[in-house]
> 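Here you go, one structure.
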Amino acid sequence: MTTPAVTRFAPSPTGAVHLGNARTALFSYLWARKTGGRFILRIEDTDVERSQHRYRDELIAELQWLHLTWDEGPDVGGPAGPYVQSERGAIYAALFEQLEAQGDAYPCYCRPEDLEIARKLQRMAGRPPRYPGTCRALSTAARRERAASGLRPTLRFAVPSDRVVEFADLVHGPQRLQTNDIGDFIVRREDGTASFFFCNAVDDALMGVTHVLRGDDHLANTPRQLLVLDALGLRRPDYGHVGLLVGADGAPLSKRHGSTSVQEFRQRGFLAAALLNHLVRLGHTGDVDRWLDLPEMPVHFRPEHLGKAPARFDEAQLLHWQKETIARLSPTEVGTWLGAGGDPRVAELLRHNVVLPKDAAPWLAVLRGDLPPLGEQERRILADAGSGFFATAAAAITESGADLPRLAKLVSARTGRRGAALYLPLRLALTGCAHGPELAPLLALIGADAARRRLESHAQDP
RNA sequence: GCUCCCUUCGUCUAGAGGCCUAGGACACGGCCCUCUCAAGGCUGUAACACGGGUUCGAAUCCCGUAGGGAGCGCCA
C-alpha cells in the first residue's frame, strides 16, 4: 500500500470540466498524495476538431481552483514531457512504425462511408458491428496500388484471434475478454494523429503511470489498450474503473440536471472544499464522516473502497458540505466569498444564514433599510405588541443606542415583556422578518438612528 | 443485436456466511437549547430489486429473471 503511485488526470480540452471528471481527478490526486507518488496532468487534444485552447486554460484554472495540484504537466514540465498529446507526434510515429514492422498493425484504406454501411448491415443481421478486416489481408501490391491512387490510410491494430485478455481491475476485480469480440481498431487516423485507444494507453506507460482511475465507460475498452501495450512491450498500468456519476434520476449527468461542470458550481458560489467533500464521498467511502480539508483527505482516502455502482449527484448533500465549509471560513474569507467585499462584521453576521452568496441579498437590503413586505402572521405579532410598545422601544433606543442587551433590558422593564414576546416584535420592526441572523449584531449594524426610525414607524398605527 | 458492467434506507454508503431484530452520513419528522433561523444535543421514520438454489445458517456464494448503464466510432 505504501508503494508510491503515479496517477494522472488526462482530460481532453473539448469542454468544461465535468463533475465526473473532477471526481476521478480527485481520486487520482488523492491516491498519489496518499502514497507519496506523483500526479500528472496530461492534455489529450488529439481531436483537432473539438479541442480548443480556451478549454485547456479553463480546465487548468478549474483544477487550480480545486487545489488539485500536479507534479508534472504542460505548465510545469517534467521528465516525460511533452504533456500535451498534440506535441507528441514524433513519439507516436516511432511506435506506429514498430507496430507495423512487427505485423501488429496494418494500413487500412476503407472509407468512413463504407465502414458505416458495413456497420449497419452487421447490426441488421444481429451481429455486433465490427471492422470486417477488409484491409488486413491486402497484398503489398494492392497496398501500393491504393497508396498510389492517392488514398491516405488509417493504421489499424491487428487484434490477434482466439485469445483471452485478462486483467485485474482495481475496483471490478478479475476481467477477461475474448479477442474475437474485438474488431481491429484504428490507432492512427487518416490525418496521422493518434487515436484515443493508442495514445492514451501508450502515454500512461511512457509517463510511468502506475494506477489509472477512470469511469466505468472505459472498462470494456481496456483490453484494446492492453493489447497495444503488450504488442509494444510497454508496462501495463493497473486500471480502476469507478462507477459513473449520474444525475438524481439515475441517468448520465447532463445539462438537463442543471449544473454539471465545476465552473458552474464555482460561479454559483459553491466553495471548492464543499465540492471536494461531496465528490470524495460519491462512489467512495473514507474512514471518517466529518468534513475534511483537502490536505487531510489523502490519509482518509481508501482506494479499496471505490464503488462499482453508479453514484447519484445530490445537491442537498453538496449543500451540507457547503455549510460545513462556510463554518470553517475566516471572517475575511467569508467577506470575499460574499462578494460585497465590504464590512467583515456583515460577513460574520450573515455566515450562518447564507449558503450561497445570492442568499445574502435580502439581508444586505435589510441593512440598507429595504425591508421585505410583512406577512399576515407578522402583522398580527406587531399588532399584538401594540403601538405603545414601539413608542417605548423607540424612546428607549435613544438611551441605549444600538446596544441590544441594554435596549432589551429597558424595554422589558417598561413593558413587562420578555423572551419571544419582547424580541420577536423588535426583530420584526427592525428587519421585517421573523427569523434571521442574531439580532444584537444586526442592530449594531443597522445603527441607533435607523433602528429608531423603524421602531417609530410602528408606533404610529392604532 | 452482441459483449461487458451494475443493483443495501429518498440520496451517499458500511457490510467480504453467523458480530445484522442491517450500521453511519445527508435529507425528512419530533424533542431539547434558543428572541427567530442556522448550528449543536437527543430521538424517530426508512433499505438488502425479484425468484430459485448451496448451507445448520446468506445482504454476503451459485444460477436465473427484471431493471439500469457502458462498449462495439477516423469521440475521448
Side-chain angles (χ1 to χ4, degrees), chain A residues 10-12 14-15 21 44-47 49-51 108 110-112 115-116 119 122-131 152-156 169 171-172 175-178 180-183 185-197 199-200 214-224 241 243-244 246 248 250-252 278 281-290 305 307-321 323-324 326-327 350-355 404 408 417-428 431 433-440:
Chain A
S12 58
T14 54
N21 290 336
E44 306 219 329
D45 58 348
T46 55
D47 182 353
E49 301 267 302
R50 296 197 297 154
S51 294
C108 171
C110 295
R111 290 179 315 181
L115 294 170
E116 187 57 37
R119 271 195 292 270
Q122 286 171 319
R123 228 182 267 267
M124 286 197 303
R127 303 173 58 87
R130 272 202 269 281
Y131 180 64
R152 295 185 60 197
T154 60
L155 190 67
R156 271 186 200 274
D169 189 88
V171 349
H172 287 273
Q175 303 290 312
R176 20 185 316 131
L177 198 94
Q178 309 290 331
N180 292 354
D181 288 332
I182 308 173
F185 54 92
I186 288 173
V187 289
R188 188 188 62 208
R189 303 188 187 99
E190 190 183 328
D191 65 4
T193 58
S195 73
F196 169 79
F197 290 138
C199 55
N200 177 266
R214 37 152 62 154
D216 243 353
D217 47 340
H218 290 293
L219 185 60
N221 284 328
T222 306
R224 290 180 209 334
H241 291 91
L244 255 26
V246 298
H278 187 215
R281 288 170 175 83
L282 254 24
H284 167 258
T285 356
D287 51 7
V288 289
D289 269 336
R290 52 166 243 270
H305 276 77
K308 334 183 214 228
R312 292 167 200 240
F313 186 88
D314 179 7
E315 202 161 295
Q317 296 192 37
L318 173 59
L319 252 18
H320 171 253
W321 297 115
K323 285 182 195 168
E324 291 281 316
I326 293 168
L350 298 184
R351 69 187 304 165
H352 302 298
N353 291 269
V354 165
V355 301
L404 185 69
R417 285 179 168 252
R418 37 194 300 215
L422 169 68
Y423 286 96
L424 198 49
L426 286 178
R427 172 180 286 281
L428 274 172
T431 73
C433 189
H435 53 78
E438 266 192 281
L439 197 51

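Proteins come first, then strands; the chains are lettered A, B, ... in the order of their sequence lines, and each starts at number 1.
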> If you measure only the distance, is there a donor-acceptor pair under 3.5 Å linking the side chains of A:His435 and A:Asn353?
no
> State whether A:Ser195 places a side-chain N or O below 4.0 Å from either non-bridging phosphate oxygen (OP1 or OP2) of B:C75.
no
> Measuring only between side-chain heavy atoms, which start at C-beta, is A:Thr46 closer than 4.5 Å to A:Ser195?
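No, their side chains stay 4.5 Å or more apart.
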> Tell me which of A:Asn200 and A:Gly126 sits closer to the 5' end of RNA chain B, going by the nucleotide each one is nearest to.
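Final value for this comparison: A:Gly126.
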> Please measure how far the C1' atom in B:C19 lies from the corresponding atom in B:C72, and state the result in whole Å.
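Between the two C1' atoms, the distance is 46 Å.
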> What's the gap between B:U7 and B:U60 when it is taken at their P atoms, as a whole Å value?
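That atom pair is separated by 12 Å.
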> Starting the side chain at C-beta, find the nucleotide from B:A25, B:A38, B:C35 nearest to A:Trp321.
B:A25
> Rounded to whole angstrom units, what separation is found between the NZ atom of A:Lys308 and the C1' atom of B:U60?
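The answer, rounded to whole Å, is 12 Å.
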> First locate atom CZ of A:Phe196, then atom CZ of A:Arg224, and finally report the distance between them rounded to the nearest 0.5 Å.
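If we round to the nearest 0.5 Å, A:Phe196:CZ and A:Arg224:CZ are 11.0 Å apart.
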> Could you tell me how far apart A:Leu424 (CG) and B:C35 (P) are, to the nearest whole angstrom?
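The answer, rounded to whole Å, is 11 Å.
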> Rounded to the nearest angstrom, tell me the gap between atom CG in A:Leu439 and atom C1' in B:U34.
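Distance, rounded to whole Å: 13 Å.
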> For A:Ile326 and B:G40, what is the distance between atoms CD1 and P respectively, to the nearest whole Å?
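Answer to the nearest Å: 13 Å.
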> From the set B:C74, B:A38, B:U3, return the single nucleotide nearest to any side-chain atom of A:Thr154.
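Between B:C74, B:A38, B:U3, the one nearest the side chain of A:Thr154 would be B:C74.
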> Give me the distance, rounded to whole Å, that separates B:A47 from B:U11 when you measure between the C1' atoms they each carry.
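It comes out at 12 Å once rounded to the nearest Å.
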> Using atom names, set out every protein N or O paired with an N or O of nucleotides 69-71 of chain B below 3.5 Å, distance rounded to 0.1 Å.
residue	atom	partner	partner atom	Å
B:A70	O2'	A:Asp217	O	3.1
B:G71	O3'	A:Asn221	OD1	3.4
B:G71	O3'	A:Asn221	ND2	3.3
B:G71	O2'	A:Asn221	OD1	3.1

> Considering only atom P, compute the distance from B:U13 to B:U8 and round it to an integer number of Å.
9 Å
> Considering every strand and a 4.0 Å limit on heavy-atom distances, what is the contact class for A:Cys199: base, sugar-phosphate, or nothing?
nothing
> Quick one: does A:Thr222's side chain get under 4.5 Å of A:Gln175's, heavy atoms only?
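No, too far: nothing below the 4.5 Å cut-off.
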> Among B:U3, B:G24, B:A39, which nucleotide has an atom closest to any side-chain atom of A:Asp289?
B:G24
> Looking only at atom P, what distance separates B:C6 and B:A49, rounded to whole Å?
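The answer is 14 Å between these two P atoms.
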> Rounding to an integer number of angstrom, what distance separates B:C2 and B:G57 when you compare their C1' atoms?
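My reading of the C1' atoms in B:C2 and B:G57 gives 40 Å.
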> Within the 4.0 Å heavy-atom criterion, would you say A:Gln175 contacts the bases, only the backbone, or no part of the nucleic acid?
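A:Gln175: backbone/sugar contact only, no base atoms under 4.0 Å.
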> Starting at atom CZ of A:Arg123, determine the distance to atom C1' of B:G1, rounded to an integer number of angstrom.
8 Å
> Within the structure provided, determine whether A:Ile186 and A:Tyr131 are in side-chain contact (heavy-atom separation under 4.5 Å).
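With C-beta onward as the side chain, the pair stays apart.
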> Between the side chains of A:Asn221 and A:Arg214, does any donor sit under 3.5 Å from an acceptor?
no
> Contact class for A:Glu44 (heavy atom, under 4.0 Å): base, sugar-phosphate, or nothing?
sugar-phosphate
> With heavy atoms under 4.0 Å as the rule, sort A:Ile182 into base, sugar-phosphate or nothing.
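Touches nothing.
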> Once you apply a heavy-atom cut-off of 4.0 Å, does A:Gly243 come out as touching a base, just sugar-phosphate, or nothing?
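No contact.
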> Taking the side chain as every heavy atom from C-beta outward, state whether A:Asp47 and A:Ser12 have any pair of such atoms under 4.5 Å apart.
no
> Could you give the distance separating B:G44 and B:G23 at their P atoms, to the nearest angstrom?
11 Å
> Heavy-atom count around A:Arg176 CZ within 6.0 Å, excluding the residue itself: above 12?
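For A:Arg176, atom CZ is not crowded (no more than 12 foreign heavy atoms under 6.0 Å).
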> Is there any protein nitrogen or oxygen under 3.5 Å from a nitrogen or oxygen in nucleotides 8-15 of chain B, and what are the pairs?
residue	atom	partner	partner atom	Å
B:U11	O2'	A:Gln317	NE2	3.3
B:U11	O2	A:Gln317	NE2	2.5
B:C12	OP1	A:Arg312	N	2.9
B:C12	O3'	A:Gly283	N	3.4
B:C12	O2'	A:Arg281	O	2.2
B:U13	OP1	A:Gly283	N	2.3
B:U13	O3'	A:Thr285	OG1	2.9
B:A14	OP1	A:Thr285	OG1	3.1
B:G15	OP1	A:His305	NE2	3.0

> Scan A:Thr193 against the nucleic acid and name what it touches under 4.0 Å (heavy atoms): base, sugar-phosphate only, or nothing.
nothing
> Would you say A:Thr193 and A:Arg189 are linked by a side-chain donor-acceptor pair, where the criterion is simply a distance under 3.5 Å?
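There is such a pair between these side chains.
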> When the C1' atoms of B:C4 and B:U43 are compared, how many Å lie between them, rounded to an integer?
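Approximately 46 Å lies between the C1' atom of B:U43 and that of B:C4.
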> For A:Arg312 and A:Ala248, indicate whether the former's side chain and the latter's backbone hold a donor-acceptor pair under 3.5 Å.
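Confirmed, A:Arg312 side chain pairs with A:Ala248 backbone.
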> Check the pair A:Asp217 / A:Leu244 against side-chain contact (heavy atoms from CB on, under 4.5 Å), numbers first and verdict last.
CA-CA 8 Å; A:Asp217 47 340; A:Leu244 255 26; 3.8 Å; yes
> Identify the nucleotide, in any strand shown, that forms a Watson-Crick or G-U wobble pair with B:G18, with both distances under 3.5 Å; if there is none, say none.
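By the stated definition (distances under 3.5 Å), B:C56 pairs with B:G18.
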> Using whole Å, report how far CD of A:Gln122 lies from C1' of B:G73.
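Roughly 13 Å, once rounded to whole Å.
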> Both distances below 3.5 Å, Watson-Crick or wobble geometry, any strand: find the nucleotide opposite B:G29.
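B:U43 is the nucleotide pairing with B:G29.
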> Searching all strands shown, indicate the nucleotide that pairs with B:U7 (Watson-Crick or G-U wobble; both distances under 3.5 Å).
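The base-pairing partner of B:U7, which may sit in any strand shown, is B:A66.
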> Which whole-number value in Å describes the distance from A:Asp47 CG to B:A76 P?
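Whole-Å distance recorded here is 5 Å.
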> For the side chain of A:Arg156, starting at C-beta, report the closest nucleotide among B:C74, B:A76, B:U36.
B:C74
> What heavy-atom pair brings A:Asp314 and A:His278 nearest, and what distance separates the two atoms?
O-CE1, 3.3 Å
> For B:C72, what is the paired nucleotide under Watson-Crick or G-U wobble rules, both distances under 3.5 Å?
B:G1
> Under 4.0 Å between any heavy atoms, over every strand shown, what does A:Arg119 touch: base, sugar-phosphate, or nothing? Just pick one.
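Counting heavy atoms under 4.0 Å across all strands, the contact made by A:Arg119 is with sugar-phosphate only.
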> With both distances under 3.5 Å as the test, what is the Watson-Crick or G-U wobble partner of B:C35?
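Across all strands, not a single nucleotide pairs with B:C35.
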> What is the separation between atom NE2 on A:His320 and atom P on B:C28, rounded to the nearest whole Å?
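For the pair A:His320 NE2 and B:C28 P, the rounded distance is 11 Å.
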